[in-house]
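Notes follow the structure.
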There are 2 protein chains.
Amino acid sequence: MARQSKPFALARLFAALADPTRLRLLNLMAEREVCVCYFVEILQQGQPKISRHLAYLRNAGIVSARREGKWMHYSIRRPRDAAANSILDAVFATFENNREMQADSLRLLRACCKPELLALQRAPVPSALHSEAQ
Amino acid sequence: MARQSKPFALARLFAALADPTRLRLLNLMAEREVCVCYFVEILQQGQPKISRHLAYLRNAGIVSARREGKWMHYSIRRPRDAAANSILDAVFATFENNREMQADSLRLLRACCKPELLALQRAPVPSALHSEAQ
DNA sequence: AAATTATATACGCCTTGACAAATATATTCT
DNA sequence: AGAATATATTTGTCAAGGCGTATATAATTT
C-alpha cells in the first residue's frame, strides 16, 4: 500500500466541504464567532442536524468551539497547513459572490439586532456584530 | 423546503474533490490531456478503479474525454461557473507545492519519454509533453 | 433539588460511493 | 471474421455518512 499522506489530508478537507449545510455554517462563521442557537434559527434546520454538522467540522479541524454558560460558540479555525488555508480562502471568497450565502449572512445580522424576534430569549449577541450592524 | 441551488452545486464540486485518487488524477491532467493507460501505470491502481473515478469526474463536469482510436484522453474541463473555477485554481496551486503530486507529475514526464518502460506498446505520447520534456 | 434551557450524542434507517472481480463494449490488428 | 487491446460498466460487498427521533449531558434558573 503506497503512502499518500498529503492527498489524503486534502481529500478529508474537501469531504468536510462537501455538504450544503456545512458550507452555510462556515459562511455564517466567516467573520465572527456564532452561537449554535443562531444557526438553528437562521438555517431553519433541526438542532441535532446542526450539532452533528458542527461536530463534523470540528473533527475535521476547520472549526473550534467555546463554551459560555449554556451556549456554545463556534468559529473558524485556520488550519496550520498552508494548502488547506489557501483553499479555505478561495471558498470564503466564493461565498461573497453567492446570493444564498449573502442572504444567510443578512439573516444573521438581522437576528442579532432583534434577537427577540427569534424563539430565543436572552440569546447571546456575538460581540463582533455590535460594530458591524451598529 | 428552502431553495439553495448554489450551495448544492458547490458541495457537489467538493464531493468530486474528496478522494485522493481523483485528486491525483486531476493533478496529472493539470497542464495536459492524459491517456487512461498512463493513469493506470503511474498511480499503480487497477484499471476499473481509474475508469470509475474518471467517470465520476466527468459526471461532475470537471473533466472531459476524447476518444482517439482505442485510447481515451482525459483533460480538465474548466467550469462555466466562476466560483467553481476559482476554487479549482486554488486546488491546482496547492498541487504545485505538494511532494506527492510533484512525484506523480515526474513519473508522468518520465513515462512519456520512455513509454517502452511501461507495460504499454505504442502508447500515445501526449503532444503537450514533447516540448516540456524536450 | 427540581425544572428549564441549550447542546450533544445514540439509534435505526437509508443512500452514496469505494473496492475488487468479472464482464461488456469499442477499436484495431491479422 | 476472429484475436488482441484499451476502456467502461456491472455486480456484490462494505463502510461512511445523512436524516429524524429520542435521549443524554451540561449549565442555569427557580
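So you know, we letter chains A, B, ... as the sequences are listed, proteins then strands, and number each from 1.
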Between the CG atom in Leu10(A) and the CD1 atom in Ile87(A), the distance rounded to the nearest 0.5 Å is 5.0 Å
Would you kindly give the CG-to-P distance between Leu25(B) and dA18(C), to the nearest whole Å?
-> 12 Å
Checking side chain to side chain contact (heavy atoms under 4.5 Å, CB included) against Glu68(A), which of Met72(A), Arg66(A), Lys70(A) comes through?
-> Arg66(A)
Between Gln47(B) and His53(B), name the one whose nearest nucleotide on DNA chain C is closer to the 5' end.
-> His53(B)
Should Tyr74(B) be listed as having a side-chain N or O under 4.0 Å from OP1 or OP2 of dA8(D)?
-> yes
CD of Glu41(B) versus P of dA6(D): gap in Å, rounded?
-> 10 Å
Rounded to whole Å, the CD-P distance (Glu68(A) to dT28(D)) equals 10 Å
Please tell me which of the listed nucleotides, dC19(D), dA8(D), dT7(C), lies nearest to the side chain of Lys49(A)?
-> dC19(D)
Contact class for Gly69(B) (heavy atom, under 4.0 Å): base, sugar-phosphate, or nothing?
-> sugar-phosphate
Would you say the side chain of Arg77(A) lies within less than 4.5 Å of the side chain of Val63(A), judging by non-hydrogen atoms?
-> no
Give the rounded distance in Å between these two atoms: OH of Tyr38(A) and P of dA6(C).
-> 11 Å
Residue Arg67(A), side-chain heavy atoms: nucleotide from dA8(C), dT7(D), dA27(D) that is nearest = dA27(D)
With DNA chain D as reference, determine whether Arg22(A) or Met72(B) sits nearer its 5' end, using the nearest nucleotide of each.
-> Met72(B)
note: Arg66(B), atom CZ; dT27(C), atom P; distance rounded to Å ~ 14 Å
Nucleotide nearest Tyr56(A) when distance is taken to its side chain, options dG18(D), dT7(C), dA22(D) | dG18(D)
Between CZ of Phe14(B) and P of dG17(C) the distance, given in whole Å, is 16 Å
Tell me whether the guanidinium CZ or amine NZ of Arg58(B) lies under 6.0 angstrom from the six-membered ring centre of Tyr74(B) and within 45° of its axis.
-> no
May I have the distance from Asn59(A) (atom CG) to dA8(C) (atom P), rounded to whole angstrom?
-> 12 Å
Which whole-number value in Å describes the distance from Lys70(B) NZ to dA6(D) P?
-> 5 Å
Taking only the side-chain heavy atoms of Ser51(A) (C-beta and beyond), determine which of dT9(C), dG17(D), dA18(C) contains the nearest atom.
-> dT9(C)
Under 4.0 angstrom, heavy atoms only, what part of the nucleic acid is Arg52(A) near: base, sugar-phosphate, or nothing?
-> base
Hey, is Arg78(B) close enough to Asp89(B) for a salt bridge, meaning N to O under 4.0 Å?
-> yes
